[in-house]
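Letters A, B, ... are given to chains in the order of the sequence lines, protein chains preceding strands, and every chain is numbered from 1. None of the values given here were measured: they were computed from a predicted structure.
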There are 2 protein chains.
Amino acid sequence: MAVDLRPSQALKLLHDFNYEMVRDDDRDLTARQVTILLTVYLDPPPHTVRGLAAKLNVTKPVITRALDTMGRMELLQRRRDPADRRNVLVQRTVKGALYVERLADLMVAKSKALPL
Amino acid sequence: MAVDLRPSQALKLLHDFNYEMVRDDDRDLTARQVTILLTVYLDPPPHTVRGLAAKLNVTKPVITRALDTMGRMELLQRRRDPADRRNVLVQRTVKGALYVERLADLMVAKSKALPL
DNA sequence: AAAAATCGTTTCGGAGCCGTATCATTTCAG
DNA sequence: CTGAAATGATACGGCTCCGAAACGATTTTT
């Protein structure tokens, strides 16, 4: 079935989702970080620093720093490309998969609680 | 009709929405700022600094600073409460209403583009 | 083999946001 | 009328993020 979302429902969903994230987590991911994370988890590999930077229309250091941060959180993982050792391949982790799953569950739960 | 969102659709919606925000805007609002903004636009007034801080489970300076920032952007507006001049009433602005509307439209558009 | 190009990282100065503690203003209680 | 309470703003030191530029490592070109 197609997803039919009215503007007022969209705003409430957006509010409720962010509200829960803000209340639960001390430190939130930025919009850029979320986009990078979900891109890696939704788009087919391989993912490189340069590729992600081009796709998101940001500079390369933004990706490098986001990988530093989310790498420390163990949400993503760096690996050198064995074929071309200049490249860095960005890969998923178990912890990252769980985090993404939590995002999805939260969205689904909040959407179910929306008024008709 | 009820909103029926599957986890994979939820993730794609989250990604596509954030992706568009990141690509379009140089400077994004933080999760806290979005939550404050939408709370003011969705919940019935009055909205005070103290009330918002309690609702979002953050400290008062967080609200004050968010109002500084979003006030500079003209997305929200401060007004002294004439009844009790200790209070600050947080109110909507024309520009803020347009911004919120843009958020809603973007969510709706991205939800319509979701795969079945 | 040398030079050029590619890729990711690091450095730099600057800006924003954080929590804690403190402050000024206003209201209320005794 | 005066001291306590309530409210929002500010000061402070710390952390993260930013874009631009420079850098080291690797690959490709000449």
Side-chain angles (χ1 to χ4, degrees), chain A residues 18-19 21-40 45-91 99, chain B residues 18-19 21-40 45-91 99:
Chain A
N18 277 278
Y19 178 78
M21 295 296 291
V22 166
R23 281 201 72 108
D24 288 8
D25 299 357
D26 258 16
R27 188 93 197 130
D28 308 303
L29 296 183
T30 67
R32 289 176 170 191
Q33 288 167 344
V34 169
T35 308
I36 292 169
L37 183 69
L38 290 182
T39 297
V40 171
H47 302 284
T48 65
V49 171
R50 182 158 197 79
L52 290 169
K55 185 172 291 192
L56 302 195
N57 201 29
V58 297
T59 60
K60 284 186 297 176
V62 167
I63 305 295
T64 293
R65 285 186 295 248
L67 293 183
D68 290 343
T69 300
M70 292 194 285
R72 247 179 274 122
M73 300 186 204
E74 298 174 79
L75 301 181
L76 286 176
Q77 186 179 7
R78 271 191 256 240
R79 261 196 76 188
R80 215 82 217 186
D81 183 351
D84 183 341
R85 296 177 42 71
R86 287 173 302 182
N87 289 329
V88 160
L89 303 178
V90 183
Q91 302 178 323
Y99 185 88
Chain B
N18 276 280
Y19 177 78
M21 295 296 291
V22 166
R23 279 201 73 107
D24 288 8
D25 300 357
D26 260 15
R27 186 94 198 129
D28 307 304
L29 295 182
T30 67
R32 289 177 171 190
Q33 288 167 342
V34 170
T35 308
I36 292 170
L37 184 68
L38 289 182
T39 297
V40 171
H47 302 284
T48 65
V49 172
R50 181 159 198 80
L52 290 169
K55 186 173 289 192
L56 301 195
N57 200 30
V58 297
T59 61
K60 283 188 295 177
V62 167
I63 305 296
T64 293
R65 284 185 296 248
L67 293 183
D68 289 344
T69 300
M70 292 195 284
R72 247 179 273 122
M73 300 185 204
E74 299 176 76
L75 301 181
L76 287 175
Q77 187 178 8
R78 270 190 258 239
R79 262 196 74 187
R80 215 82 216 184
D81 183 350
D84 183 341
R85 297 178 41 71
R86 287 173 302 183
N87 288 330
V88 160
L89 302 179
V90 183
Q91 301 177 322
Y99 184 88

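Phosphate contact (OP1/OP2 of C:dG19, side-chain N/O of B:Thr59, threshold under 4.0 Å): present. Remark: A:Gln33 is not in phosphate contact with D:dT16, judged by side-chain N or O atoms under 4.0 Å from OP1 or OP2. Proximity of B:Arg85 to the phosphate of C:dT26: a side-chain N or O atom is located under 4.0 Å from OP1 or OP2. Of the side-chain N and O atoms in A:Arg32, none sit less than 4.0 angstrom from OP1 or OP2 of D:dT16. For the OP1/OP2 pair of C:dC7 and a distance below 4.0 Å, the side-chain nitrogens and oxygens of A:Thr48 include no atom meeting the criterion. At the phosphate of C:dG8, OP1 or OP2 sits under 4.0 Å from a side-chain N or O atom of A:Asn87.
The side chain of A:Thr69 lies closest to D:dC17, out of D:dT27, C:dC17, D:dC17.
Side-chain contact check for A:Thr64 versus A:Arg78: some heavy-atom pair is nearer than 4.5 Å.
The CG-C1' distance, from A:Asp68 to C:dT11, rounds to 13 Å in whole Å. Separating the NZ atom of A:Lys60 from the C1' atom of C:dT11 is a distance of 15 Å, rounded to the nearest angstrom. Taking atom CZ of residue B:Arg78 and atom C1' of nucleotide D:dA9, one finds them 8 Å apart after rounding to whole Å.
Along DNA chain C, the nucleotide nearest A:Arg65 and the nucleotide nearest A:Arg80 are compared for position; the residue whose nucleotide lies closer to the 5' end is A:Arg80. Both B:Thr64 and A:Val62 lie near DNA chain D, and the one whose nearest nucleotide falls closer to the 5' end is B:Thr64. Nearer to the 5' terminus of DNA chain C, by closest-nucleotide assignment, is the contact made by A:Val88 (compared with the other of B:Met73 and A:Val88). Nearest-nucleotide positions on DNA chain D for B:Arg27 and A:Ala83 put B:Arg27 closer to the 5' end.
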Report task. Just do the side-chain contact (heavy atoms from CB on, under 4.5 Å) check on B:Asp28 and A:Thr30 with the steps written out, would you? Result -> CA-CA 8 Å; B:Asp28 307 304; A:Thr30 67; over 6 Å; no
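Rounded to 10 degrees, the angle between the two end axes of the helix from C:dA1-D:dT30 to C:dG30-D:dC1 is 0°, with five pairs used at each end.
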